[in-house]
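This is a predicted model, so every value here is computed, not measured. Just so it is clear, the values below take in all heavy atoms, side chains as well, and ignore hydrogens, waters and symmetry mates.
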Amino acid sequence: MKFVDEVRIFVKAGDGGNGCVSFRREKFIERGGPNGGDGGNGGSVIFVADPQLTTLLDYRYQQHHRAKSGEHGMGNDCNGRAAEDMILKVPVGTLVKDHATEELLVDLSQPGQVWEAAKGGRGGLGNMNFATSTRQTPRFAQDGTKGEEFTLRLELKLLADVGLLGFPNAGKSTFISRVSRARPKIADYPFTTLAPNLGMVQYKDHLSFVMADIPGIIEGASEGVGLGHQFLRHVERCKVLIHLIDMGAEGEGREPLHDFDVLNRELEKYSEELSGRPQVVAANKQDLPDAQERLGPFTEALRERGIRVFPVSCATGEGMQALMDAVAEVLFTGRTDKIHVEAPPRAKGAKKSGASVAKATIAAVREAFSGDESRSTKKAAAKGAKAPAKKAASAKKKPATKSGKAPAKKAVSAKKKPATKSGKAPVRKPAAKSTKAAAKKAPAKKSAAKKAPAKKSAAKKAPAKKSGGRR
């Protein structure tokens, strides 16, 4: 059976019947009163969700659906017959939208759900309804109203608990054929599955759930590449998603981790809510030698993200039970302990990417600078411990000034360049001042002058400046 999940149809409800204008005409009865009957109501168009249907194929070839109109009223007080409603059965999970405005009218997500798409017209009243004491012979009746008509668009979103996602030829059809009684087409070329397949999985303790096999998704599917988002909407109702990774894929750019990232990007582009659903990662085709070599790096890469990988082989059945146990626990209990794993702690020399690399570099530079500062501090402390003996010896030759900030130089240099009261270096000026002013400004150097009396003439020739420290 061909799978059709999107159609456009036109529906029109039946018109109501017109009322009748009639008068009673019988033998021996003169001037009988009005006896025109009412018209019947038109039929409505009603949608019903049928769990036995899985496709909209019936509406692909028959797109116009018109309900019958009600019968007109007749004489002798006879009303017209009302038309029957038109019942349109659609699969459970069908969305009904207005074709012009794209407004969602109803979501038929429950089995047996009923929705009236177009209401039938009301039948008109006959002339017998308009007779009064002052108007005993009404010669008019009421016409029936028109039935509603709409152009609708039907979209099918399959109702499944678990959805299979993966690149083309990743083994999704083989997977669903092993865990359920579904028998989809299986071949060794890409895009074997062109329509979603549903399978009922019988689990332990009389528990069961529905699994959907979605056609292969490739990069750019959310933008219409390949089969595009035509089938992505079928996984919107799934509670759990299984990422089936082809560990034996060959070709340019085909790597297990790259395939996993591409699938997640396409889901996020299509729907952020869908990308947040619980995901179970299954590494398929473990019966191939190349797949076993790729399993280690792929498992380690996802372990750093906190995701557990289930190695399976759909051809041999290896690892299928552990995978189904994890899926059932998430589906029935909501716990995600089995599909997550604690990420390993990062080593100091481990490679980091992005902002973590920059942060590590900045921390290393700061640590180097702090190390240099600590080394220089230690060296200064060691020098300070060795120097006190030398300072004591030179203290007699270099007496400190009154401020104590700068030690005095030798006796000879002290006479030539005496320090000021503030301890700052004196500013030189032309030697135009008198020797008396110089003698008054350098009283702190008397002790030095007494030790070297032979050089008084030199002190008089180079007196200290009066206003050197004040400027």
Side-chain angles (χ1 to χ4, degrees), residues 1-20 38-74 79-125 141-159 194-198 215 224 227-234 236-237:
M1 180 184 294
K2 186 177 180 180
F3 180 79
V4 178
D5 60 347
E6 186 175 356
V7 293
R8 183 186 67 178
I9 62 174
F10 173 80
V11 295
K12 185 183 184 309
D15 300 333
N18 299 330
C20 178
D38 303 334
N41 297 328
S44 301
V45 180
I46 298 176
F47 284 96
V48 178
D50 189 355
Q52 300 299 326
L53 298 178
T54 58
T55 178
L56 297 173
L57 180 63
D58 297 339
Y59 302 98
R60 171 60 61 87
Y61 305 106
Q62 185 179 357
Q63 299 181 357
H64 291 263
H65 303 271
R66 302 174 185 271
K68 294 182 179 180
S69 300
E71 292 184 355
H72 300 303
M74 294 170 287
N79 298 330
R81 180 182 296 177
E84 295 182 356
D85 296 333
M86 174 173 281
I87 306 298
L88 300 180
K89 295 183 179 182
V90 294
V92 179
T94 302
L95 302 178
V96 183
K97 297 182 179 180
D98 191 310
H99 180 70
T101 62
E102 293 294 329
E103 179 187 0
L104 178 62
L105 302 177
V106 67
D107 182 3
L108 301 174
S109 59
Q110 300 295 331
Q113 185 176 351
V114 179
W115 179 69
E116 187 179 61
K119 185 175 181 59
R122 185 174 59 85
L125 300 176
Q142 188 181 37
D143 295 336
T145 59
K146 299 292 183 181
E148 297 177 340
E149 57 181 37
F150 300 101
T151 301
L152 305 175
R153 186 158 60 89
L154 307 182
E155 292 183 4
L156 175 60
K157 290 184 180 180
L158 294 180
L159 292 179
L194 298 178
N197 298 298
L198 294 178
L227 293 177
H229 56 271
Q230 180 180 1
F231 295 112
L232 274 174
R233 63 171 171 266
H234 293 295
E236 288 189 24
R237 302 181 187 271

Please report the interatomic distance [atom1]([X]) to [atom2]([Y]), rounded to the nearest 0.5 Å.
| X | Y | atom1 | atom2 | result |
| --- | --- | --- | --- | --- |
| Ile9 | Leu56 | CD1 | CG | 9.0 Å |
| Asn79 | His72 | CG | NE2 | 13.5 Å |
| Ser69 | Asn18 | OG | CG | 10.0 Å |
| Gln63 | Leu154 | CD | CG | 10.5 Å |
| Trp115 | Ile46 | CH2 | CD1 | 11.0 Å |
| Leu88 | Leu152 | CG | CG | 9.5 Å |

The salt bridge (charged side-chain N to carboxylate O under 4.0 Å, His left out) partners of Lys157 (sequence neighbours excluded) come to Glu236
Partners passing salt bridge (charged side-chain N to carboxylate O under 4.0 Å, His left out) against Asp15 (at least two apart in sequence or in another chain)
Lys12, Lys146
Side chains of residues 100-110: which donor-acceptor pairs under 3.5 Å do they make with residues two or more places apart or in other chains?
from, atom 1, to, atom 2, distance (Å)
Thr101, OG1, Glu103, N, 3.4
Glu102, OE1, Arg153, NH2, 2.1
Glu102, OE2, Arg153, NH2, 3.0
Asp107, OD1, Arg237, NH2, 2.9
Asp107, OD2, Arg237, NH1, 3.3
Asp107, OD2, Arg237, NH2, 3.4

What one should report as the nearest heavy-atom pair of Ala83 and Gly43 is CB-N, 3.5 Å
Distance-minimising heavy-atom pair for Arg122 and Thr145
N-OG1, 2.6 Å
Take Thr151 and Arg8 through the test side chain to side chain contact (heavy atoms under 4.5 Å, CB included) and record every step on the way to the result.
CA-CA 7 Å; Thr151 301; Arg8 183 186 67 178; 4.0 Å; yes
So, using side chain to side chain contact (heavy atoms under 4.5 Å, CB included) as the criterion, who are the partners of Ala67 when residues are at least two apart?
Val45, Met86
I'd like to check the side chain to side chain contact (heavy atoms under 4.5 Å, CB included) partners of Glu71; sequence neighbours left out, ordered by chain and number.
Arg81
According to the interplanar angle, ranging from 0 to 90°, do the rings of His64 and Phe10 count as parallel (below 30°), tilted (30 to 60°) or perpendicular (above 60°)?
tilted
Which residue pairs pass the side chain to side chain donor-acceptor pair (under 3.5 Å) test with at least one member in residues 84-95, sequence neighbours excluded?
none
Ser44: which residues meet the side-chain hydrogen bond (donor to acceptor under 3.5 Å, both in side chains) condition with it, sequence neighbours left out?
Glu116
Which residue pairs satisfy the salt bridge (charged side-chain N to carboxylate O under 4.0 Å, His left out) criterion with at least one member in residues 38-55, sequence neighbours excluded?
none
Student check: side-chain heavy atoms of Val96 and Val90 closer than 4.5 Å:
no
Is there a side-chain contact between Val92 and Pro51 (heavy atoms, below 4.5 Å)?
yes
Donor-acceptor contact below 3.5 Å, side chain Asn41 vs main chain Gly123
yes
Determine yes or no for a side-chain-to-main-chain donor-acceptor pair under 3.5 angstrom, with Glu148 supplying the side chain and Ala118 the backbone.
no
Could you pull out all residues at least two apart from Tyr59 that satisfy ring pair (Phe, Tyr, Trp, His ring centres under 6.0 Å)?
His65
